Q: 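Let me give you the structure first, and then I'll get to my questions.
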There are 2 protein chains.
Amino acid sequence: MSSFMKIGDLAQKTGLSIRTLHYYDEIGLLSPSHRTDVGYRLYSNQDIIRLQQIVSLRQLGFSLKEINKCLKDPNLSLQQTIDLHRAKVKEQMSLSRTLLKRLNVISTELQTTQSIAVENLIQVMETVSMSKQQYLTPEQQEILRSRFSEREAEWQQILTQARIEMSKGTNFDTNSVYKLAMRWERSMESLVSGDEQIYESLMRMYQREELETFNWGAIDSTSFEYILKAISFLLLID
Amino acid sequence: MSSFMKIGDLAQKTGLSIRTLHYYDEIGLLSPSHRTDVGYRLYSNQDIIRLQQIVSLRQLGFSLKEINKCLKDPNLSLQQTIDLHRAKVKEQMSLSRTLLKRLNVISTELQTTQSIAVENLIQVMETVSMSKQQYLTPEQQEILRSRFSEREAEWQQILTQARIEMSKGTNFDTNSVYKLAMRWERSMESLVSGDEQIYESLMRMYQREELETFNWGAIDSTSFEYILKAISFLLLID
DNA sequence: TCTTGACCCTCACGTAACGTCAGGCTTTAG
DNA sequence: CTAAAGCCTGACGTTACGTGAGGGTCAAGA
């Protein structure tokens, strides 16, 4: 059952190139756990699982370096990466739908009237760009920070609660944390207030080291990360 | 109305980076048609249209070099690129749907039983890879070529007809060519016979110079391209 | 047993499409 | 009139591989 695969096999089945697998080995991202005595790479089921995580995280827009960091965290389970990937695919589909609408508008407009409003073209390009970006742009960060300082007290409350739960070692999926996350989310709403983009992006940030460097002033990064994880839980139930 | 845009404006509205626009200028892909007297780039509506085509073609998976060639062909209208882009987005959406299904399978399987079949993971990776590739893989080319030689006579017939229409200078959208394309498509079906992937990819090939190097033996590339264009017409009516 | 073709290995250099300064004009808002 | 914001042209850096070169390995068939 737990048969090993040679690199060519794996490449063919996954659609990745051999070179890609070589490269992942080279940078220490995925070193197959076995080799034949002449040095042939042998990929185990565990390796394949890791590869799956890599592929999913790539789809989320992480660089290989970032993925390397993510995968060092033992908290990041296969389940989580799969669920994040699911969320991403959903997001993509919704973007594709709006994109398609806009393309349709242009196409029919071109067919009927011969001219075209450039604005429509710009909208399309904007949509295309959106599907590539991830995390928060600097401007978005600025907005968030300013809005946050307006309501600092409220956040403080939530955070102290969060810290209590953390020190109790409560798990994300228990009820108390669930409620906490709900409350966080409501407050969050006022922060984000309509800007879906920021919300989505925030979700994507939560496994990144950028969290540390972000420096939210009042919030220490550990609490922040804790809550973010809880939220992503919420998000994935939907 | 026909107002010019400075590079920063354009970048902000389209979501592209300034550097990207600089780069496109550098390689002669999109050189803004005007400059202020101190050298500031000014993008006209025409430039924006061209940029739109570039963005769409990029989404189709063309490299910038290929796009440069494509755009030198005056036959490639905005309408066509938009429609190709539409087809691509549709394809993406269908891929996303199957991908989502497979991810769901894995996710629930992980939640109920703790174990997971690696095959499912491999399927996911395969699907992800599929959304990246374009055109035909060498193996697919081999298959096509062999199947083609089996039925060479039939194709010859269609092609002579095509050449006649071409010499008459008939346009793609007239009825006779329409019928011809229908006939081609039926025969095509036997060539492709179920392999959706090959069919889709063939469509994407039609604006590429690879057509020339492809060397189908009996088919000269001009006829081939002619028919392919007709087909893509058919495809986009759907 | 020998060979031949399909795989595998490790260098190592090449590439596409930008990112990211640096250094220096220009324009605009107060 | 001055400071901030925007634009310019180099020019070097980066990511994630592609693409050989040169050389072992393995299974099948003559």
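On a predicted model such as this, the values are computed, not experimentally measured, just so you know. Order of the sequence lines fixes the chain letters, A, B, ..., with proteins taken first and strands second; residue numbering starts at 1 for each chain. Below, each value reflects all heavy atoms present in this structure, side chains not excepted, and no hydrogens, waters or symmetry copies.
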Q: Let me know the distance between CZ of B/Phe62 and P of C/dA17, rounded to the nearest Å.
A: 13 Å
Q: Whenever both distances are under 3.5 Å in a Watson-Crick or G-U wobble pair, mark it; put DNA chain C into dot-bracket that way, with [ ] for crossing pairs and | when the partner is on another strand.
A: ||||||||||||||||||||||||||||||
Q: Expressed in angstrom and rounded to an integer, what is the separation of B/Ile54 atom CD1 from C/dA17 atom C1'?
A: 13 Å
Q: What is the distance, rounded to the nearest whole Å, between atom NZ of A/Lys132 and atom C1' of C/dA17?
A: 11 Å
Q: Under 4.5 Å between any side-chain heavy atoms of B/Val124 and A/Val55, yes or no?
A: no
Q: With the side chain counted from C-beta on, respond yes when B/Gln52 and B/Ile48 share a heavy-atom pair under 4.5 Å apart, and no when they do not.
A: no
Q: Measure CG/A/Asn68 against P/D/dA16 and give the value in whole Å, please.
A: 11 Å
Q: Quick check on C/dC8: is either OP1 or OP2 less than 4.0 Å from any side-chain nitrogen or oxygen of A/Arg41?
A: no
Q: Separation of A/Glu66 atom CD from D/dT15 atom P, in whole Å?
A: 11 Å
Q: Check every strand shown and say whether B/Ile7 touches a base, only sugar-phosphate, or nothing at a heavy-atom separation below 4.0 Å.
A: sugar-phosphate
Q: With the side chain counted from C-beta on, respond yes when A/Arg35 and A/Arg41 share a heavy-atom pair under 4.5 Å apart, and no when they do not.
A: yes
Q: Think B/Tyr24 has a side-chain N or O under 4.0 angstrom from the OP1 or OP2 of C/dC18?
A: yes
Q: Can you tell me if A/Glu119 has over 12 outside heavy atoms packed within less than 6.0 Å of its CD?
A: no
Q: Side chains of A/Leu51 and A/Tyr43, heavy atoms from C-beta outward: is any pair under 4.5 Å?
A: no
Q: Nucleotide by nucleotide, 5' to 3', does protein get under 4.0 Å of the base (B), only the sugar-phosphate (S), or neither (-) in nucleotides 19-30 of chain C, counting heavy atoms?
A: BB-----BS---
Q: Quickly work out the A/Glu26 CD to C/dC13 P distance and round it to whole Å.
A: 13 Å
Q: Side chains of A/Tyr24 and A/Leu64, heavy atoms from C-beta outward: is any pair under 4.5 Å?
A: yes
Q: Could you give the CG-to-C1' distance, from B/Leu16 to C/dC18, as a whole number of Å?
A: 12 Å
Q: For D/dC17 and A/His22 - does any side-chain N or O of the residue sit under 4.0 Å from the phosphate oxygens OP1/OP2?
A: no
Q: Test: side chain to side chain donor-acceptor pair (under 3.5 Å). Region: residues 92-103 of chain A. Which pairs qualify, not counting sequence neighbours?
A: A/Arg102-A/Thr127
Q: The side chain of A/Lys65 is closest to which nucleotide in this list: C/dC9, D/dT15, C/dA17?
A: D/dT15
Q: Atom CG of A/Asp9 and atom P of C/dA6: how far apart are they, to the nearest Å?
A: 16 Å
Q: Would B/Asp83 and B/Arg86 count as a salt bridge (Lys or Arg N to Asp or Glu O under 4.0 Å) here? Give the steps.
A: CA-CA 5 Å; B/Asp83 287 340; B/Arg86 278 204 304 162; 3.3 Å; yes
Q: Would you please say whether a donor-acceptor pair under 3.5 Å links the side chains of A/Ser33 and A/Ser44?
A: yes
